[in-house]
Each structure stands twice: as structure tokens, then as C-alpha cells.
Amino acid sequence: VVTRDDVEESLKAVFQFVKDKEQLLQDLRSQIEETKKIISEKQRERDYWLEYKNVGSKIHAEKISSLENDIAEVKHELERTEEYYREALKVVREENQKLFDRHMKLLSEEALKNAVGYLDKHCRREIEENEWLKEEVKIYRKAHSDLEASVQLLEEENTNLVAKLIDIKLQHLRV
């Protein structure tokens with residue numbers, strides 16, 4: 001015997017089953033739509049990269065090649081500039097050394113003249129005692145060390161100037 005309550009429960013169960021299936025169907029449709037959107041997005045991305053592979057990569061390869069050539073040219077120019085300043089520094093050092101040697105020679109000649117000019121009885125006695133010569137040697141050694149220090153300062157200044165010039169040249173080349 002089937003009662004009305006059994007039929008209603010059975011209908012409710014069928015109705016709930018149909019409702020669940022419709023909900024499942026609706027969820028599947030929304031998942032399909034999401035999947036279609038993802039596929040469409042991935043398709044656009046794939047098309048973009050195919051376009052890049054066919055056209056854009058060649059343009060970038062040309063740009064990269066051009067930049068590599070520019071880098072090689074800048075390096076070559078830097079080497080030439082560096083060699084030029086190295087030679088200029090060498091010439092300045094040689095010139096400074098010549099000036100220093102000439103100055104020392106003049107100081108030696110002047111010291112000799114001073115020594116000869118004071119040759120009298122009193123000076124001969126001082127020469128014999130060697131005190132005057134010791135003082136002159138101290139003075140000339142001090143002048144010599146002062147000159148060496150000034151030459152070293154000039155060389156350092158020249159080196160700094162050359163380094164600044166190279167840096168400026170590099171900046172101009174980069175621009």
C-alpha cells in the first residue's frame with residue numbers, strides 16, 4: 001500500500017534529484033564558460049608569442065646586434081683614449097723628470113759657486129771642519145725632497161685629471 005505521504009516523499013526526492021541535476025548542469029555550464037575564457041586567453045597569448053617569434057624577435061635581434069656593435073665601438077674608442085692618455089702621462093713624467101734634473105744641476109752649480117766664492121782663510125777653516133758643507137748638504141737634501149714631493153703631487157694631479165677625462169669621455173660615449 002502506497003500512501004499519499006510516500007508519494008509526496010517520492011515526488012520530493014525526484015524533484016530534489018532533478019533540482020540537484022539542474023544545479024550540477026548549471027555548475028558545469030559555468031565551468032565550461034570559465035574554461036572557454038581561459039582557452040581564449042591562452043589562445044591570445046599563444047598568438048602574441050607566435051607573432052613575436054615571427055616578427056618581434058627579429059627586430060629585437062637586430063637591436064641587440066646594433067647595441068653589441070655600439071659596445072664594441074665604445075670599447076675600442078676607450079682603449080684608444082686610454083692609450084693616448086697613457087702616452088700623454090708618460091710624456092709629462094719625462095718632462096717633469098727633465099725639469100727636476102735641470103733644477104738639481106742648477107742647484108749643484110750654484111752651491112759650487114757659493115762654495116768657491118767663500119774660499120778665504122775663514123771659509124777654508126770651515127771647510128776643513130766640514131760644518132758648512134754639512135749644512136749645505138742638509139739644505140740641498142731638503143730642497144731635493146721638496147722637489148720630489150712636488151713632482152709626485154704633480155704626477156698624482158695629472159693622473160687624476162687623466163682619469164677624469166677618461167670618465168667624461170665614457171659618459172659622452174654612453175650618451
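Rounded to the nearest 0.5 Å, atoms CD (Gln23) and CD (Gln16) are 10.5 Å apart. Atoms CG and CG, from Asn96 and Asp101 in turn, are 11.0 Å apart once rounded to the nearest 0.5 Å. The CG atom of Asp20 sits 10.0 Å away from the CZ atom of Phe15 when rounded to the nearest 0.5 Å. Atom NZ in Lys37 sits 11.0 Å away from atom OG1 in Thr35 (nearest 0.5 Å). Here CD1 of Ile71 is found 13.0 Å from CG of Leu78. Values are rounded to the nearest 0.5 Å.
For Thr3 and Asp6, the side-chain atoms include at least one donor-acceptor pair closer than 3.5 Å. Side-chain polar atoms of Gln31 and Asp27 form no donor-acceptor pair below 3.5 angstrom. No hydrogens or angles considered: nothing links the side chains of Arg141 and Ser145 as a donor-acceptor pair under 3.5 Å.
Within the 4.5 Å cutoff, side-chain heavy atoms of Lys21 are placed close to those of Phe17. Within the 4.5 Å cutoff, side-chain heavy atoms of Leu173 are placed close to those of Lys169. Gln97 has its side chain out of reach of Arg93: every pair of non-hydrogen atoms, C-beta onward, lies at least 4.5 Å apart. Considering only heavy atoms from C-beta on, Ile38 comes within 4.5 Å of Lys42 through its side chain.
Heavy-atom minimum distance, Leu99 versus Arg102: CD2-NH2, 2.9 Å.
Heavy atoms of other residues, nucleotides or ligands lying less than 6.0 angstrom from CD of Glu77 number more than 12.
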Hey, mind stepping through Arg46 and Leu50 against side chain to side chain contact (heavy atoms under 4.5 Å, CB included) and telling me if it holds?
-> CA-CA 6 Å; Arg46 185 183 70 94; Leu50 280 174; 3.4 Å; yes
Salt bridge (Lys or Arg N to Asp or Glu O under 4.0 Å) between Glu8 and Lys12: does it pass, once the steps are laid out?
-> CA-CA 6 Å; Glu8 283 180 6; Lys12 282 182 184 179; 5.3 Å; no
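The ring-ring contact (aromatic ring centres under 6.0 Å, His included) contacts involving residues 144-175 comprise Phe100-His144, where partners must be two or more places apart or lie in separate chains.
Using a 4.0 Å cut-off between charged nitrogen and carboxylate oxygen, Arg29 and Glu33 do not count as a salt-bridge pair. With respect to Glu22 and Lys19, no salt bridge is recorded, no charged nitrogen being found less than 4.0 Å from a carboxylate O. Ion pairing of Arg86 with Glu82 is present here, as a side-chain N (NZ or NE/NH1/NH2) and a carboxylate O approach within less than 4.0 Å.
Here the side chain of Ser108 pairs a donor or acceptor atom with the backbone of Met104 at under 3.5 angstrom.
Ring-plane geometry between Tyr48 and Tyr52 is classed as parallel, the angle between the planes falling under 30 degrees on a 0 to 90 degree scale with a further cut at 60.
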Anything under 3.5 Å between a donor and an acceptor, one on a side chain of residues 150-167, the other on a protein residue two or more places apart or in another chain? List them.
unit_1 : atom_1 : unit_2 : atom_2 : d
Ser150 : OG     : Asp146 : O      : 3.4
Ser150 : OG     : Leu147 : O      : 2.8
Asn158 : ND2    : Leu154 : O      : 3.4
Thr159 : OG1    : Glu155 : O      : 2.8
Asn160 : ND2    : Glu156 : O      : 3.4

